[in-house]
Every structure is written in C-alpha cells, then in structure tokens.
Amino acid sequence: MEIKKVAVVGAGTMGSGIAQVCAMAGYEVWVRDISEEILNKAKETIEKNLRKAVNKGKISVTKLKEIEAKLHFTTDLKEAVEDADLVIEAVPEVMDLKKQVFKEICEYNKKAILATNTSGLSITELSKATDRPDKFVGMHFFNPVPVMALVEVIKGEYTSEETVKIAVEFVKSLGKTPVVVKKDVTGFIVNRCLVPYLVLAIQDVENGVATKEEIDATMLYNYKFPMGPIELSDFVGLDILYYSTQQWDIVPKSKLLEEKFKAKELGMKTGKGFYDWRQGRPKIPK
Ligand code: 3HC
C-alpha cells in the first residue's frame with residue numbers, strides 16, 4: 001500500500017510536530033483542528049522550526065517552500081481525511097473524545113490506516129470505535145517531534161501484521177526509529193516507565209521531599225538526564241500527565257498536579273507550569 005496523503009487530526013504540540021515531519025518527508029499533509037486559532041499557532045510553530053532549519057543550513061529556502069506547499073490546514077474533518085491513506089489522531093488524551101473522533105473519521109474515510117498518537121491509552125479499546133480494528137495501530141511520537149528519533153508502533157489485539165508493517169515502514173520513511181510494542185499495555189514501553197516517574201517526582205515536591213529545583217538538578221546534573229522530571233513534566237504538558245492519573249492504573253494521583261491542571265497552568269505550552277517558561281527553558285541551579 002502506498003501512502004501519499006496523510007491527515008493529522010489535532011494540531012496541538014504533538015499534531016503540529018507530526019505534520020511537520022510528514023511534510024518534510026514528502027507527504028501531502030492535511031492538518032485538522034476545531035479552531036482557526038489552534039491551526040494558526042501550529043502553522044506559526046512549523047514555520048518557525050523550518051526557518052531555524054534554513055538559518056542553520058539544514059534545508060534550503062526552496063526546500064522550505066516545498067514543505068510548506070505540502071501542508072494544508074482546515075477545520076473541516078471531511079476535507080482533511082477523505083482520500084487520506086493514513087490518518088494520525090493527536091487530539092487530547094481523553095478516551096471518549098478519541099473514540100468519538102475516530103467514529104467521525106470512519107464516516108468520511110473507508111480505506112485509510114488509522115493511527116493514534118495516544119500517550120498510553122488502550123489501542124484495542126480505541127480500535128473498537130472504528131469500522132476497521134485490523135487497520136488500527138498505535139503510532140506514538142515523542143516531544144519535540146522534529147528532534148526525537150523514536151516512535152513506538154503499538155499492536156492492538158486486532159491490529160494485523162500487515163498494518164504493523166505499513167506503520168513501521170512509514171515511520172522509517174520519516175527518518176525515525178520505530179520500535180514495535182507487541183502487547184497493548186498501558187503507557188507502552190516508554191511512558192509506562194516515564195509517566196509514573198514524573199508523577200512520583202511531582203508528589204515529592206508536594207510532600208516536601210525536596211524542592212523542584214533540587215529534584216531537577218539531581219537528575220539533570222548528577223544523573224545526566226537531558227531534563228529533570230519536573231521540567232520534563234512541564235515540557236510534555238501537565239494536562240497529559242493529569243489525564244494519565246485519571247485513566248491509567250499504573251500512575252499515582254497528585255493533588256498538586258490536579259491544582260495545576262485546574263488552574264490551566266499546563267507547562268511550556270501555556271507559559272507557566274511548575275516553572276515560568278515565558279523566557280524559555282528554566283535555569284536550574286547546580
Ligand atoms: N521543536 C523543534 N526543535 C527543537 C525544540 C522544539 N520544541 N526544542 C529544541 N529543538 C531543537 C533545537 O533547535 C536544537 O536543534 P539543533 O541541534 O539543530 O541546533 C536541538 O533541538 C537541541 O536543542 P537545544 O540546544 O536548544 O537544547 P537541548 O540540547 O537542551 O535539547 C531537548 C532540548 C531536545 C528538548 C532536550 O532537552 C531533551 O531531549 N529533553 C527531553 C525530551 C524528552 O524526553 N522528550 C520525551 C518526552 S515524553 C513524550 O513526549 C511522550 C508523551 O506521550 C508524554
């Protein structure tokens with residue numbers, strides 16, 4: 001099966017990154033979100049990333065123009081998904097919302113491979129909302145998508161081997177490294193380890209075990225992680241972590257995280273989470 005047109009449904013941090021790497025790999029990409037405001041923000045982020053790449057000599061101006069011409073933005077789901085060969089869903093991490101979105105996608109498209117970028121919800125459960133569970137697969141990218149090489153390809157209970165193969169080849173065509181997750185476990189490989197670690201660190205801040213700066217400095221400078229857990233929580237989005245505490249059985253709950261979520265202090269994307277991001281990455285003292 002040849003993939004030409006890709007639809008990305010949901011244009012937040014992950015959706016816009018996915019759309020960018022698909023267009024850079026030469027696919028015709030349709031990006032859909034419910035508001036023009038979100039679409040404009042996605043467009044701006046992609047343009048900014050591409051301009052940076054030009055300035056660093058990684059791509060030419062001609063290439064930038066080619067990539068931008070491959071990107072189409074719309075609020076119309078039908079327009080985005082009809083004729084698509086692959087649909088990648090990247091809407092918020094709420095099971096019922098994702099199911100509803102897939103039901104609608106199936107009304108307008110009868111042939112595409114359907115992929116979800118869920119952080120850890122059940123692929124099998126999501127596939128049941130579609131008319132083609134055999135053509136349904138997890139395709140989990142990491143933030144920032146243009147930088148992170150890894151993509152998890154998750155096999156649900158009904159996903160066919162053929163679909164896994166197509167997904168793996170597609171991920172490779174983006175210049176990324178696929179890892180096949182053979183069992184549909186909560187959080188897959190990475191987030192099964194990562195998300196409980198992040199929320200435990202948030203609990204430690206909440207319980208006064210150490211300050212957020214002390215925890216981050218320990219993991220950043222002494223343990224040599226690229227980011228400490230509290231900064232990384234802000235970076236991935238506190239909404240994503242909060243939803244995981246509500247829907248995943250492997251993640252502890254945190255009152256502090258709930259407060260941040262309710263105050264809409266979601267981390268880097270809103271300018272404030274545990275840290276202030278308005279001037280860029282927080283400076284963690286050594
Ligand atoms: N978008 C695009 N490019 C970005 C970027 C972004 N948001 N942030 C950084 N970059 C690029 C920079 O332009 C730079 O590119 P260059 O090499 O061409 O110059 C490169 O990444 C390195 O950036 P910096 O030099 O500014 O900064 P760092 O060296 O500190 O790297 C980082 C930044 C790559 C974000 C690094 O801190 C890191 O790896 N952090 C951890 C990220 C991580 O763990 N992500 C996974 C989270 S889990 C997840 O996403 C799953 C979800 O389901 C929860």
Side-chain angles (χ1 to χ4, degrees), residues 10-21 23-24 41-59 67 88-94 98 115-123 138-154 174-177 179 181 185-199 201-202 216-217 219-221 223-245 247-248 250-251 257 261 266-271 273 275 277 279-284:
T13 309
M14 298 306 287
S16 70
I18 294 167
Q20 180 187 325
V21 296
M24 288 179 84
K41 202 171 161 200
K43 218 185 283 183
E44 274 169 30
T45 305
I46 295 173
E47 277 168 15
K48 203 174 91 190
N49 285 344
L50 293 177
R51 270 200 308 274
K52 255 200 217 164
V54 169
N55 292 340
K56 286 178 185 163
K58 290 186 169 176
I59 57 168
I67 296 167
I88 306 174
E89 166 276 314
V91 305
E93 282 297 301
V94 178
K98 285 184 186 286
T116 174
N117 179 56
T118 178
S119 297
L121 293 172
S122 167
I123 304 302
M139 196 181 281
H140 181 222
F141 293 78
F142 294 84
N143 183 19
V145 178
V147 179
M148 303 296 281
L150 182 69
V151 179
E152 292 175 316
V153 172
I154 307 105
L174 303 180
K176 303 224 173 262
T177 310
V179 56
V181 185
V185 293
T186 306
F188 320 131
I189 296 173
V190 175
N191 281 346
R192 194 168 177 81
C193 305
L194 183 69
V195 173
Y197 152 71
L198 298 181
V199 179
I202 293 170
D216 276 350
M219 300 310 285
L220 184 64
Y221 303 122
Y223 207 71
K224 306 283 183 203
F225 275 18
M227 280 180 178
I230 307 299
E231 182 187 358
L232 186 54
S233 296
D234 269 359
F235 187 75
V236 301
L238 301 183
D239 50 341
I240 293 178
L241 294 186
Y242 174 72
Y243 288 135
S244 77
T245 64
Q247 299 173 104
W248 302 9
I250 56 168
V251 183
L257 179 59
F261 174 77
L266 304 181
M268 186 176 76
K269 64 183 154 194
T270 58
Y275 292 102
W277 288 79
Q279 309 300 326
R281 272 188 77 175
K283 307 252 175 303
I284 314 293

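Order of listing sets the numbers, starting from 1, for every ligand and every atom in it.
Under the 4.0 angstrom criterion, atom 45 (N) of ligand 1 counts as having a protein heavy-atom contact. Protein heavy atoms all stay at least 4.0 Å away from atom 25 (O) of ligand 1. In this structure, atom 38 (C) of ligand 1 is in close contact with the protein, since a protein heavy atom lies within 4.0 Å of it.
By the 4.5 Å heavy-atom criterion applied to side chains, L238 and S233 are counted as neighbours. Taking the side chain as every heavy atom from C-beta outward, W248 and S119 approach each other to under 4.5 Å. Side-chain contact between T186 and R192 is present, with heavy atoms from C-beta onward closer than 4.5 Å. A heavy-atom distance below 4.5 Å is found between the side chains of I59 and I67.
The single protein non-hydrogen atom nearest to atom 32 (C) of ligand 1 is M227 CE, 4.7 Å, given as residue, atom name and distance. The nearest heavy-atom contact from the protein to atom 17 (O) of ligand 1 is K58 NZ, 3.9 Å. Scanning all protein heavy atoms for the shortest distance to atom 54 (C) of ligand 1 gives N191 ND2, 3.7 Å. For atom 50 (O) of ligand 1, the nearest non-hydrogen atom of the protein is N143 N, 2.9 Å. Among all protein heavy atoms, the one lying closest to atom 6 (C) of ligand 1 is P144 CB, 3.4 Å. Residue, atom and distance of the protein heavy atom nearest to atom 30 (O) of ligand 1 are R281 NH1, 2.5 Å. Atom 11 (C) of ligand 1 has its closest protein heavy atom at V147 CG2, 3.5 Å. Of all protein heavy atoms, the one closest to atom 48 (S) of ligand 1 is L194 CD2, 3.4 Å.
A heavy-atom separation below 4.0 Å is not found between M14 and ligand 1.
Residue contact check: H140 has heavy atoms under 4.0 Å from atoms 51 (C), 52 (C), 53 (O) of ligand 1. Near F235, meaning under 4.0 Å from one of its heavy atoms, ligand 1 places the atoms 35 (C). Annotation for ligand 1: atoms under 4.0 Å from non-hydrogen atoms of V236 are 47 (C), 48 (S). Interface atoms of ligand 1 facing S119, defined by a heavy-atom separation under 4.0 Å, are 52 (C), 53 (O). Interface of K56 with ligand 1, defined as ligand atoms under 4.0 Å from a residue heavy atom, comprises 13 (O), 14 (C), 15 (O), 16 (P), 18 (O), 19 (O). Atoms of ligand 1 found under 4.0 Å from any heavy atom of K52, numbered from 1 in the order shown, are 13 (O). Close approach to P226 involves these atoms of ligand 1, each under 4.0 Å from a residue heavy atom: 37 (O), 38 (C), 39 (O), 40 (N), 41 (C).
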task = Could you go through the side-chain contact (heavy atoms from CB on, under 4.5 Å) check for V190 and H140 one step at a time?
result = CA-CA 10 Å; V190 175; H140 181 222; 5.5 Å; no
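The number of heavy atoms from other shown groups lying within 6.0 Å of NZ (K269) is above 12.
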